[in-house]
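Shown next, in structure tokens, is the structure this report addresses.
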Number of protein chains: 2
Amino acid sequence: MTASRALRGAQDVSQATVLKVNNAAKEIGYVGNHLAASLTKTNSNLIGVVLPNLTNVVFSHVMNGITEALGNTIFQPVFGVTEWDEDREYEVIKNILSWRPAGMIVTGTGLPASTRLILERANIPLVQIMDTDGEVIDSVVGFSHEKAGYDMAQALLKIGKRRIGFIGCIVNNDRRAAKRRVGFRRALKEANLDFCCEVNEAAVSSVSLGRKLMQEALQDCPDMECIYFTNDDIAAGALFYCIERGIDVPSRLTLVGFNGMDISNSFPGRLATSVTDLTGIGTEAAKILLKRCTGEKSEVSERIVLEPRIELGNSVSNAPTEYD
Amino acid sequence: MTASRALRGAQDVSQATVLKVNNAAKEIGYVGNHLAASLTKTNSNLIGVVLPNLTNVVFSHVMNGITEALGNTIFQPVFGVTEWDEDREYEVIKNILSWRPAGMIVTGTGLPASTRLILERANIPLVQIMDTDGEVIDSVVGFSHEKAGYDMAQALLKIGKRRIGFIGCIVNNDRRAAKRRVGFRRALKEANLDFCCEVNEAAVSSVSLGRKLMQEALQDCPDMECIYFTNDDIAAGALFYCIERGIDVPSRLTLVGFNGMDISNSFPGRLATSVTDLTGIGTEAAKILLKRCTGEKSEVSERIVLEPRIELGNSVSNAPTEYD
DNA sequence: TCAGGTATCGATACCGGTATCGATACCGGT
DNA sequence: ACCGGTATCGATACCGGTATCGATACCTGA
């Protein structure tokens, strides 16, 4: 007992004993047991993190934000990957909950009823991330993908784009990419327009796929002046294809990605994109949990919106690309 | 007690009772408590994963391999990020160990003595990943980065490259990139050569940085015929720079990346690279742990080498690039 | 000198499961 | 009818910590 107190720096132990215990612990290589420690409390100091996937750069940035914010705290992330499958999501969440985590970070809003139920029953702080469109249980950090699509469309309409196509990679039920498309289309409709061409592929996005889809789109519809992509990497792939073919981007054709990841800087200014603060989403979500798990005001649910910043680059002036 | 048996499908419970218990559990929304369950056993069904970072695509691929292999098992990853800091690594590992994980996956070989000690004391299966060069405690999955560098150098020498430069982003003590450089240089020395030019930057690699470093390198040493980069993204950045400047890659200048990530396909055939199976490293490591944690032959330590595949693309023929 | 307070420490119960073992009921064979 | 075996289930101890409370020693002021 005294040993336990000494090791965790609790009250009621003399300085001398603390030293003795610490030395003894070091000598025998004592490691402690979070399991036992957590069992006495109502919950552990684990933080559950549920993401659809990790290969996707988007989520690895978010994850990095989370681990960064959790870095020097007593909290540690456990995590599960859903692959956009709702049944698997339910299982993963239930599994994590049985570790009695101090808090949870779950990707997406509008969760299925059964998933909602166990999360509510757990009675721990919950932050849903990425998306503010759907139904939120407790707190949320992200932005409206519908609005992000809408805003980008408006920006493009404003600089005179009219014949706009859409190229998308939407895996399973990645609702966020779909919502951007919906929002974009809403703006188009308000201007009495619609996508002049649409190419969809239910596959994981990649540069190579971007090249392929671009080729298809150009065959179907050679007179587009702008294309809205679901992600940066397919937009970049398309740009590379255009560069090879001598199609001037953005003066003849404006390409618009999403997220503002590193690859969108491959040819500075050539791609337009919505720059999102993905690491920020992770850190903000983790910070909310930290506040709720350690602080007092544990009943306040928060709503943090990190609106994407639209970057049109050279697409604004539309001048033919010149190299300095 | 009977309830516990029923829920986990153990022996000695009648079919009728199992049904009754399951229904009751569903009704009251029973969730279970892994903490208590694990406390009775010598270790939990957590798998500790220690990585330097997650923003880096390299590690997010590895992580994805791990979660994929662990997907439908009872095991769950907890994890920690070291940011290439050995003190932090020690703390992270110690912290994870006190969850009594069933096994550990740790990035890198040749760990510091104190870290080694606690890992050995834990007496659980351990897989070190990424690197087979250094000292291994138990099992290892990866390849020799020294040899990877050496092999690539030999391949380049074989196709006649002589004036070879080096452009590197080596953060903190990322020893693996450094080892590739050493191996590459060993091959050069065997041919009585050395890097004709060297540009280093202690920063996280990115496309933009690749552009910048390429520009610097070309100023310092305009007559290079080949450049070895530490990663794909700076190589890709360099390629983009060359394309803008009208420098023909690879006919005038061969650019060589590492990993064979998506971005190396931005202009197919234009970049040479060593294609590594990062997801494979993750899955193989996880599979070893699964075997060791569930199976019988729990004393066999394994050594799985996933040699990178050298892809020279158009750099082989060296013909001026033509578009089809 | 003694009562009351404080500093320090150990004994005990408990967290929520599981392993173990004993108790009970029921079965078939002789 | 009786016995040994099996199916089913509950009581108990225990995993390794921590909260609580009581015990002891020592200190301070009256």
Side-chain angles (χ1 to χ4, degrees), chain A residues 1-46 48 74-76 78 91 94-103 118 121-124 293-294, chain B residues 1-46 48 73-76 78 91 93-103 118 121-124 293-294:
Chain A
M1 181 63 247
T2 304
S4 156
R5 276 194 279 249
L7 287 169
R8 67 204 144 99
Q11 298 282 330
D12 292 352
V13 199
S14 73
Q15 196 57 35
T17 327
V18 171
L19 276 175
K20 256 197 318 192
V21 171
N22 282 335
N23 286 334
K26 202 168 293 174
E27 200 166 333
I28 62 168
Y30 175 79
V31 170
N33 189 330
H34 284 334
L35 298 168
S38 306
L39 189 55
T40 66
K41 308 189 211 106
T42 46
N43 37 34
S44 67
N45 46 20
L46 291 169
I74 54 165
F75 298 99
Q76 197 141 21
V78 217
E91 287 305 324
K94 185 169 174 182
N95 202 356
I96 293 181
L97 283 178
S98 52
W99 289 107
R100 298 291 127 100
I118 52 171
R121 279 262 176 73
N123 199 30
I124 53 173
C293 295
T294 59
Chain B
M1 182 62 248
T2 305
S4 157
R5 275 194 280 248
L7 286 169
R8 65 203 145 97
Q11 298 282 330
D12 291 353
V13 200
S14 72
Q15 197 55 37
T17 327
V18 171
L19 276 175
K20 256 198 314 193
V21 172
N22 281 336
N23 285 335
K26 201 168 294 173
E27 200 165 334
I28 63 168
Y30 175 78
V31 169
N33 190 329
H34 283 334
L35 299 167
S38 307
L39 190 55
T40 66
K41 310 192 209 104
T42 46
N43 37 34
S44 66
N45 47 20
L46 291 169
T73 70
I74 55 164
F75 298 99
Q76 196 141 23
V78 215
E91 288 304 324
I93 290 178
K94 186 170 174 182
N95 203 355
I96 293 181
L97 283 178
S98 52
W99 289 107
R100 300 291 129 97
I118 51 170
R121 279 263 176 73
N123 198 31
I124 53 172
C293 295
T294 58

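Any value given below was found using the heavy atoms of this structure, including those in side chains, with hydrogens, waters and symmetry copies removed. The chains referred to below are lettered A, B, ... by the order of the sequence lines, with proteins before strands, and numbering in each begins at 1.
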Quiz prompt | Spacing of B:Gln11 atom CD relative to C:dT20 atom C1', expressed in whole Å | solution = 15 Å
Quiz prompt | More than 12 heavy atoms of other groups within 6.0 Å of A:Asn23 CG | solution = yes
Self-check item: Atom of B:Gln76, atom of A:Val78 and distance for their closest heavy-atom approach
Solution: CG-CG1, 4.2 Å
Quiz item: Using purine N1 to pyrimidine N3 plus N6-O4 or O6-N4 for Watson-Crick, or N1-O2 and O6-N3 for G-U wobble, each under 3.5 Å, what pairs with C:dA23?
Solution: D:dT8
Quiz prompt | Phosphate-side-chain proximity, B:Ser14 and D:dT8, N/O vs OP1/OP2 below 4.0 Å | solution = no
Quiz item: Has A:Thr40 got a side-chain N or O lying under 4.0 Å from the OP1 or OP2 atom of D:dG17?
Solution: no
Quiz item: Could you state the CZ-C1' distance from B:Arg100 to C:dT18, rounded to the nearest angstrom?
Solution: 18 Å
Self-check item: side-chain N/O A:Thr17 vs C:dC9 OP1/OP2, d < 4.0 Å
Solution: yes
Practice problem: Provide, to the nearest angstrom, the distance between the NZ atom belonging to B:Lys20 and the C1' atom belonging to D:dC9. | Solution: 11 Å
Quiz item: Separation of A:His34 atom NE2 from D:dT18 atom C1', in whole Å?
Solution: 15 Å
Quiz prompt | Residue that, paired with A:His34, satisfies side chain to side chain contact (heavy atoms under 4.5 Å, CB included) out of B:Leu97, B:Ile96, B:Asn95 | solution = B:Asn95
Quiz prompt | Residue-phosphate contact under 4.0 Å: B:Ser4 side-chain N/O, C:dG16 OP1/OP2 | solution = no
Practice problem: Report the distance from atom CD1 of B:Ile74 to atom P of C:dG17, rounded to the nearest whole Å. | Solution: 17 Å
Quiz item: If each of B:Gln15 and A:Ala37 is mapped to the nucleotide of DNA chain D with the nearest heavy atom, which maps nearer the 5' terminus, i.e. the 5' end?
Solution: B:Gln15
Exercise. May I ask which nucleotide in the shown strands pairs with C:dG29, Watson-Crick or G-U wobble, both distances under 3.5 Å?
Key: D:dC2
Quiz prompt | Rounded distance [0.5 Å steps], OH in A:Tyr30 versus NZ in B:Lys94 | solution = 9.5 Å
Practice problem: Write down the distance between CG (A:Asn43) and P (D:dT18), rounded to a whole number of angstrom. | Solution: 15 Å
Quiz item: Taking the side chain of A:Asn33 as heavy atoms from C-beta outward, which of C:dC9, D:dC15, D:dG17 is closest to it?
Solution: D:dG17
Quiz item: Are B:Ser38 and D:dC15 close enough that a side-chain N or O sits under 4.0 Å from OP1 or OP2?
Solution: no
Quiz item: Between atom CZ in B:Arg5 and atom P in C:dT18, what is the gap in whole Å?
Solution: 10 Å
Quiz item: How close do A:Gly32 and B:Ser98 get, heavy atom to heavy atom, and via which atoms?
Solution: O-CB, 3.5 Å
Quiz item: Given that A:Leu35 and B:Met1 both sit by DNA chain D, which one's nearest nucleotide is further toward the 5' end?
Solution: B:Met1
Quiz item: Distance check: side-chain N/O of A:Tyr30 vs OP1/OP2 of D:dG16, anything under 4.0 Å?
Solution: no
Practice problem: Could you tell me whether the phosphate oxygens of C:dT18, OP1 or OP2, come under 4.0 Å of any side-chain nitrogen or oxygen in B:Arg8? | Solution: yes
Quiz item: With both distances kept under 3.5 Å, what pairs with D:dT28, Watson-Crick or G-U wobble?
Solution: C:dA3
Exercise. Take B:Val31 and B:Asp12, find for each the nucleotide of DNA chain C with the closest heavy atom, and name the residue whose nucleotide sits nearer the 5' end.
Key: B:Val31
Quiz item: Within this structure, what is the CG-to-C1' distance between B:Leu39 and D:dG17, rounded to whole angstrom?
Solution: 8 Å
Practice problem: Specify the closest pair of heavy atoms between A:Gln11 and A:Arg5, including all atoms of both residues, with the distance to one decimal. | Solution: O-CD, 3.5 Å
